[in-house]
Amino acid sequence: LISLDWNAPSDDGTMLAFGTSRSGSEMSELRVMEVATGKTLPDTITGKVSFQGWTPSKDGFLYSALRDPKDPYSREVRFHVLGTDPSTDRLLAKQTNPSEIPFAGLSRDGRWMMLGFSRGWQANDLSVADFEAWRKGSGDPKAIEIAKDVPARFTPIGFEGDRMLMMTTLDSPRGRLVAVDLKQPARANWKDVIPEPKDEVLESVGLTKGGMVASFTRHVCTRLERFDRSGRSLGEIPLPGLGSASVSLDEDRTDAFLSYTSYNEPRSVYYVPSLADPKPAS
């Protein structure tokens, strides 16, 4: 009667956070395992937990959980250090409105922390803060406000120093990718990297070593296109036909896995050995 609800490995695969619930309750309890030994650590967090990201050193993580398991609108975002009492975890954000759900995340290098509130699928607030400065200090993060009370989505994709790549639907209902200088984060300073397409929807962007892959849809069909980090097109990734596709990428790699399905072809997974020559190999 125990369900594995989710799992979240560290980038190097040595640590695994996972959530389990009992008897269909969906009240996930977070536990942590050392992968090599299979040892489950004593760290346990309850309250319908959602994992939000490992630190690069794997000594802690961000998570959200219900402050009161009986109150579905009591979600909080906290930071936990492995080996410490969860009751002492530092608070980053808490839910005060039933329609606003707090979330958090960490950049791959652990320098930047993203904080915000989601208002359904169409809008969210977003701020960015120096994670290490907050961790070494006390009090609330000194956040850089990116968007607040704006009817649009703001989704960080990655960071390059003080430059954040972010997808948004602001003034672009079909989506676009912009670069935000975190030293000059005002909206007037944002730069389009992948502009809003004219007859497609920009669904997602994933980073690769030195580049990006964007997923577009038109008439329910997927198109995948490669770009360098400045937004210069490097050509499409050819698909077997008209269908739905997704691509699995890594910022440190130039290969990829591609999943494809269509009305007359079952889902198949292809290996792309090099995005420089993106012909999929089965």
Side-chain angles (χ1 to χ4, degrees), residues 1-8 17-32 43-54 60-81 85-107 112-129 131 134-135 138-157 164 166-175 180 185 187 201-204:
L1 297 179
I2 298 177
S3 298
L4 178 64
D5 298 330
W6 52 265
N7 66 88
F18 62 94
T20 58
S21 59
R22 295 176 180 271
S23 304
S25 68
E26 298 184 354
M27 296 295 290
S28 291
E29 177 180 283
L30 182 149
R31 302 297 300 274
V32 178
D43 304 74
T44 302
I45 301 173
T46 61
K48 202 171 186 177
V49 183
S50 172
F51 193 80
Q52 310 272 291
W54 284 100
F61 51 80
L62 297 172
Y63 69 94
S64 73
L66 298 180
R67 177 178 62 256
D68 178 0
K70 296 181 180 180
D71 181 358
Y73 306 118
S74 63
R75 189 158 291 276
E76 295 180 339
V77 174
R78 292 181 177 271
F79 176 64
H80 178 71
V81 177
D85 184 345
S87 67
T88 65
D89 291 349
R90 292 176 66 183
L91 176 68
L92 285 159
K94 64 180 180 180
Q95 186 173 16
T96 58
N97 187 321
S99 62
E100 297 184 346
I101 301 174
F103 66 86
L106 284 174
S107 61
W112 297 108
M113 174 170 57
M114 298 149 279
L115 298 166
F117 290 86
S118 292
R119 298 188 298 278
W121 297 104
Q122 302 300 317
N124 67 279
D125 298 340
L126 179 66
S127 297
V128 178
F131 175 69
W134 170 80
R135 185 173 180 180
S138 60
D140 296 332
K142 295 181 179 179
I144 302 167
E145 186 177 288
I146 303 300
K148 184 175 177 61
D149 297 328
V150 179
R153 294 290 300 174
F154 303 89
T155 306
I157 300 301
M164 176 176 67
M166 178 182 72
M167 285 185 60
T168 182
T169 56
L170 179 65
D171 301 325
S172 50
R174 291 183 296 276
V180 180
R187 200 172 304 161
V201 176
L202 177 60
E203 298 285 0
S204 65

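Heavy atoms from other residues, nucleotides or ligands lying under 6.0 Å from CG of Leu4 number more than 12.
By the side-chain contact (heavy atoms from CB on, under 4.5 Å) test, Pro185 is found to be paired with Ile144, Ile146, Val180, residues two or more places apart in sequence or in another chain being considered. In this structure, the salt bridge (Lys or Arg N to Asp or Glu O under 4.0 Å) partners of Glu76, at least two apart in sequence or on a different chain, are Arg67, Arg78. Residues passing the side-chain contact (heavy atoms from CB on, under 4.5 Å) test with Asp140, sequence neighbours excluded: none. Scanning for side-chain contact (heavy atoms from CB on, under 4.5 Å) contacts around Lys148 gives Asp125, Glu145, with sequence neighbours left out. With sequence neighbours excluded, the residues that form a salt bridge (Lys or Arg N to Asp or Glu O under 4.0 Å) with Arg135 are Asp59. Partners of Glu26 by side-chain contact (heavy atoms from CB on, under 4.5 Å), not counting sequence neighbours: none found.
In this structure, CZ in Arg187 is found 8.5 Å from OG1 in Thr168, a value given to the nearest 0.5 Å. Taking CZ of Phe51 as the reference point, atom CD1 of Ile45 lies at 9.0 Å (rounded to 0.5 Å). In this structure, Thr46 OG1 and Glu29 CD are separated by 6.5 Å, a value rounded to the nearest 0.5 Å. Summarising the geometry, atom CG belonging to Leu170 is positioned 4.5 Å from atom CZ belonging to Phe154; distances are rounded to the nearest 0.5 Å. Once rounded to the nearest 0.5 Å, the distance linking CE of Met114 with OG of Ser127 reads 12.0 Å. Rounded to the nearest 0.5 angstrom, Trp112 CH2 and Leu106 CG are separated by 12.5 Å.
A distance-only check finds a donor-acceptor pair linking the side chain of Gln95 to the backbone of Arg75 [under 3.5 Å].
Contact detail for Trp54 and Ala17: the closest heavy-atom pair is CZ2-N, 3.7 Å. Of all non-hydrogen atoms in Trp121 and Arg153, the two that sit nearest each other are O-CD, 3.1 Å. Taking both residues in full, the closest heavy atoms of Leu66 and Pro72 are given as CD2-O, 3.8 Å, listed atom of the first, atom of the second, then distance. When all heavy atoms of Pro141 and Met113 are compared, the closest pair comes out as CG-CE, 3.9 Å. Closest approach of Val150 to Ala123, counting heavy atoms only: O-CB, 3.8 Å. In this structure, Phe131 and Phe79 approach most closely via the heavy-atom pair CZ-CE1, 3.7 Å.
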Starting from the C-alpha separation in whole Å, work towards a yes-or-no answer on side chain to side chain contact (heavy atoms under 4.5 Å, CB included) for Leu30 and Trp6.
CA-CA 9 Å; Leu30 182 149; Trp6 52 265; 3.6 Å; yes
Check the pair Arg90, Trp134 against side chain to side chain contact (heavy atoms under 4.5 Å, CB included), reporting the backbone distance first and the verdict last.
CA-CA 10 Å; Arg90 292 176 66 183; Trp134 170 80; 3.2 Å; yes
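A side-chain contact (heavy atoms from CB on, under 4.5 Å) with Phe103 is found for one member of Leu115, Leu62, Asn124, Val77 and no other, namely Asn124.
Side chains of Asp68 and Ser74: a donor-acceptor N/O pair is absent below 3.5 angstrom, by distance only. A side-chain N or O of Asn97 and one of Ser99 form a donor-acceptor pair less than 3.5 Å apart.
Put simply, the side chain of Gln122 does not reach to within 4.5 Å of the side chain of Pro151, judged on heavy atoms.
Using cut-offs of 30° and 60° for the angle between ring planes, the His80 and Tyr63 rings count as perpendicular.
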